[in-house]
Novice: 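Mind having a look at this structure? Questions to follow.
All values reported here derive from a predicted model rather than from experimental measurement. In each ligand, atom 1 is the first atom listed, and ligand 1 is the first ligand listed.
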Amino acid sequence: MSRISYVNGRYVAHRDAMVHVEDRGYQFADGVYEVCQVRGGRLVDEERHLQRLVRSLCELRIALPMTLAALGVVLRETIRRNRVRDGLVYLQVTRGVARRDFLFPAPETRPSVVVSARNIDEAKVDRSAGEGIAVVTVPDNRWERVDIKSVSLLPNVLAKEAARAAGAREAWFVDKDGFVTEGGSSNAWIVTRDGTLVTRSADFGILRGVTRGVVLSVIAAQNLAFEERQFSVEEAYGAREAFVTSASQTVMPVVAIDGRPVGNGAPGLVATALRRDFPDYAKVG
Ligand code: PLP
């Protein structure tokens, strides 16, 4: 079956899905995006993703291209046309097409909207979760507004490529004070020796992960010990468990950091339980 993507009002064959050379997303990374999980053909946590999209757009003063209800229809239609059961749907909104100029284009310039969707091999993700993944730490050299989900991802690309070169699956960014901020495409967590879950607070230093938000609900519902604070690389080395969260892999145990085993080097009980319970708390619509 051939893939279909949505590009500025039309559903087109994926191989022909193009944007203009002067699209500001292409020229300046002047745009934002969302990646939502699809489970059983249904969108997971649509509302949280769309609210974050609205926030990202507002922060960059890009107009909402259509109502949220209309965006929801486009997301669902793209999922349907690609027969996605378990997978991901990608939505990107840029400031639109205009003659290349750093300054914002005329206000009537229409934002560009692109949506694509694909199945993912859930069994493969589950196998990874059963084994756990390795991460490596890299300096956080990103701009300060990483709370905006912008398509300006070059530091993340380089960090994840460095992780791959080191035989790891994810990179953890570390700020200038030695504290872990987040992963290249995930939020970072540890479980301390005394069993307390720790993740950095969602200030401007990290993306407010939708999965992170759902995991916070699981933690609250299960009355688990939790602290929202910074943790250093040293503390992570000595943690009992570590894991990352993102829409594409939900809760993924981390079993090695910079080549050192975390805990006993196997996926931890807390991360495994959170992964198991996560679907009960994510909103499927
Ligand atoms: N942090 C970064 C830098 C990301 O790119 C992502 C997801 O792509 C996340 C965190 C996790 O966010 P979410 O749970 O909404 O997928």
Side-chain angles (χ1 to χ4, degrees), residues 29 31-39 43-57 59 75 86-93 116-118 120 125 129 133 135-163 168-175 179-190 197-219 228 230-231 242-254 271 274-275 278-279 281-285:
V32 301
Y33 74 107
E34 283 295 325
V35 180
C36 311
Q37 196 195 10
V38 179
R39 205 183 321 132
L43 266 174
V44 178
D45 282 315
E46 174 188 5
E47 201 182 313
R48 288 190 200 233
H49 282 285
L50 291 183
Q51 285 311 325
R52 185 172 63 186
L53 177 82
V54 168
R55 180 176 181 279
S56 297
L57 289 170
E59 292 295 314
L75 292 175
D86 296 312
L88 299 171
V89 60
Y90 176 89
L91 162 65
Q92 179 171 315
V93 181
S116 59
R118 64 177 173 88
I120 54 173
V125 180
I133 62 162
V135 305
V136 292
T137 59
V138 295
D140 197 340
N141 55 3
R142 301 174 299 164
W143 74 327
E144 282 174 4
R145 295 305 309 276
V146 294
D147 57 306
I148 301 170
K149 199 164 168 63
S150 101
V151 295
S152 170
L153 291 170
L154 191 51
N156 310 57
V157 167
L158 297 176
K160 289 179 79 83
E161 196 54 39
R169 280 274 296 284
E170 178 62 300
W172 274 9
F173 288 119
V174 178
D175 69 17
F179 292 105
V180 174
T181 53
E182 63 181 329
S185 60
S186 57
N187 288 115
W189 301 69
I190 56 168
L197 283 133
V198 180
T199 198
R200 194 176 174 111
S201 71
D203 51 18
F204 294 118
I206 64 165
L207 182 77
R208 290 159 206 215
V210 167
T211 318
R212 176 186 182 281
V214 176
V215 167
L216 291 179
S217 319
V218 186
I219 289 169
E228 200 174 39
Q230 325 191 90
F231 61 88
F243 61 95
V244 293
T245 54
S246 71
S248 56
Q249 36 186 8
T250 70
V251 177
M252 180 59 72
V254 169
L274 287 173
R275 180 176 178 82
F278 181 87
Y281 291 84
K283 214 164 143 198
V284 181

Novice: What distance separates Ile219 CD1 from Tyr281 OH, expressed to the nearest 0.5 Å?
Specialist: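 The distance works out to 11.0 Å.
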Novice: Run through Glu47, Glu34, Glu46, Glu59 and flag the one making a salt bridge (Lys or Arg N to Asp or Glu O under 4.0 Å) with Arg52.
Specialist: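 Output: one option passes, namely Glu34.
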Novice: Around atom CZ of Arg118, are there more than 12 heavy atoms from other residues, nucleotides or ligands closer than 6.0 Å?
Specialist: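 Counting neighbours around CZ of Arg118, 12 or fewer heavy atoms of other residues, nucleotides or ligands fall under 6.0 Å, so no.
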Novice: If you define the side chain from C-beta out and look only at heavy atoms, does anything of Arg142 sit under 4.5 Å from Asn156?
Specialist: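 Arg142 vs Asn156: side chains touch.
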Novice: To check your reading of the model: name the closest protein heavy atom to atom 8 (O) of ligand 1, its residue, and the distance in Å.
Specialist: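 Going by distance alone, atom 8 (O) of ligand 1 is nearest to Lys149 NZ, 3.1 Å.
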Novice: Is there side-chain contact between Leu75 and His49, with heavy atoms separated by less than 4.5 Å?
Specialist: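 With C-beta onward as the side chain, the pair stays apart.
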Novice: Considering non-hydrogen atoms of the protein only, which is the closest contact for atom 14 (O) of ligand 1, and what is the distance?
Specialist: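 Of every protein heavy atom, Thr211 OG1, 2.6 Å lies nearest to atom 14 (O) of ligand 1.
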Novice: Answer whether the closest heavy-atom distance between the side chains of Thr211 and Gln249 falls below 4.5 Å.
Specialist: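 Not in contact.
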Novice: Mind checking whether Thr245 contacts ligand 1 via backbone (N, CA, C, O), side chain (CB onward), both or neither, at a 4.0 Å heavy-atom cut-off?
Specialist: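 Near ligand 1, Thr245 shows its backbone, while the atoms from C-beta on stay back.
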Novice: If the cut-off is 4.0 Å to any non-hydrogen atom of Asn187, which atoms of ligand 1 fall inside it?
Specialist: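 Listed by number with element, the hits are 10 (C), 11 (C).
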Novice: For atom 13 (P) of ligand 1, what is the closest protein heavy atom, and at what distance to 0.1 Å?
Specialist: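 Here the closest protein heavy atom is Val210 N, 3.6 Å.
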Novice: What protein heavy atom sits nearest atom 5 (O) of ligand 1, and how far off is it?
Specialist: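 Of the protein heavy atoms, Ser185 CA, 3.3 Å lies nearest.
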Novice: With a 4.0 Å cut-off, would you call Glu228 and Arg200 a salt bridge?
Specialist: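 No, this pair does not count.
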Novice: Answer yes or no: is there a side-chain heavy-atom contact under 4.5 Å between Met252 and Glu170?
Specialist: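 SC-SC contact between Met252 and Glu170 ruled out.
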Novice: May I ask you to identify, for Ser248, whether its side chain, its backbone, both or neither come under 4.0 Å of ligand 1 on a heavy-atom basis?
Specialist: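 Within the 4.0 Å criterion, Ser248 makes no contact with ligand 1.
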Novice: Using a strict 4.0 Å cut-off to heavy atoms of Gly183, name the atoms of ligand 1 that fall inside it.
Specialist: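 Near Gly183, meaning under 4.0 Å from one of its heavy atoms, ligand 1 has 3 (C).
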Novice: Looking only at protein heavy atoms, identify the closest one to atom 16 (O) of ligand 1 and say how far it is in Å.
Specialist: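 That would be Ala247 N, 2.9 Å.
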Novice: Below 4.0 Å from any atom of ligand 1, is there a heavy atom belonging to Phe173?
Specialist: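 No, that is not the case, since the closest heavy atom of the residue is not under 4.0 Å from the ligand.
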Novice: Give me the residue, atom name and distance of the protein heavy atom closest to atom 2 (C) of ligand 1.
Specialist: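 Looking at atom 2 (C) of ligand 1, the protein heavy atom closest to it is Glu182 OE1, 3.5 Å.
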Novice: Would you say Arg52 touches ligand 1, if touching means a heavy atom closer than 4.0 Å?
Specialist: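 A heavy atom of Arg52 does come that close to ligand 1.
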Novice: Quick one: does Leu197's side chain get under 4.5 Å of Leu274's, heavy atoms only?
Specialist: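 A side-chain contact under 4.5 Å exists here.
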Novice: Work out whether the distance between some heavy atom of Gly184 and some atom of ligand 1 is less than 4.0 Å.
Specialist: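 In this structure, Gly184 qualifies as a contact of ligand 1 - some heavy atom is under 4.0 Å.
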Novice: Which residue supplies the protein heavy atom nearest to atom 12 (O) of ligand 1, what is that atom called, and how far is it?
Specialist: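 Of every protein heavy atom, Gly209 CA, 3.4 Å lies nearest to atom 12 (O) of ligand 1.
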Novice: Could you tell me if the side chain of Val254 sits less than 4.5 Å from the side chain of Ile133, heavy atoms only?
Specialist: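 Ile133 reaches Val254 side chain to side chain.
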Novice: Check each atom of ligand 1 against the heavy atoms of Tyr33 and keep those under 4.0 Å away; list them by number with element.
Specialist: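 Going through ligand 1 atom by atom, the ones under 4.0 Å from Tyr33 are 5 (O).
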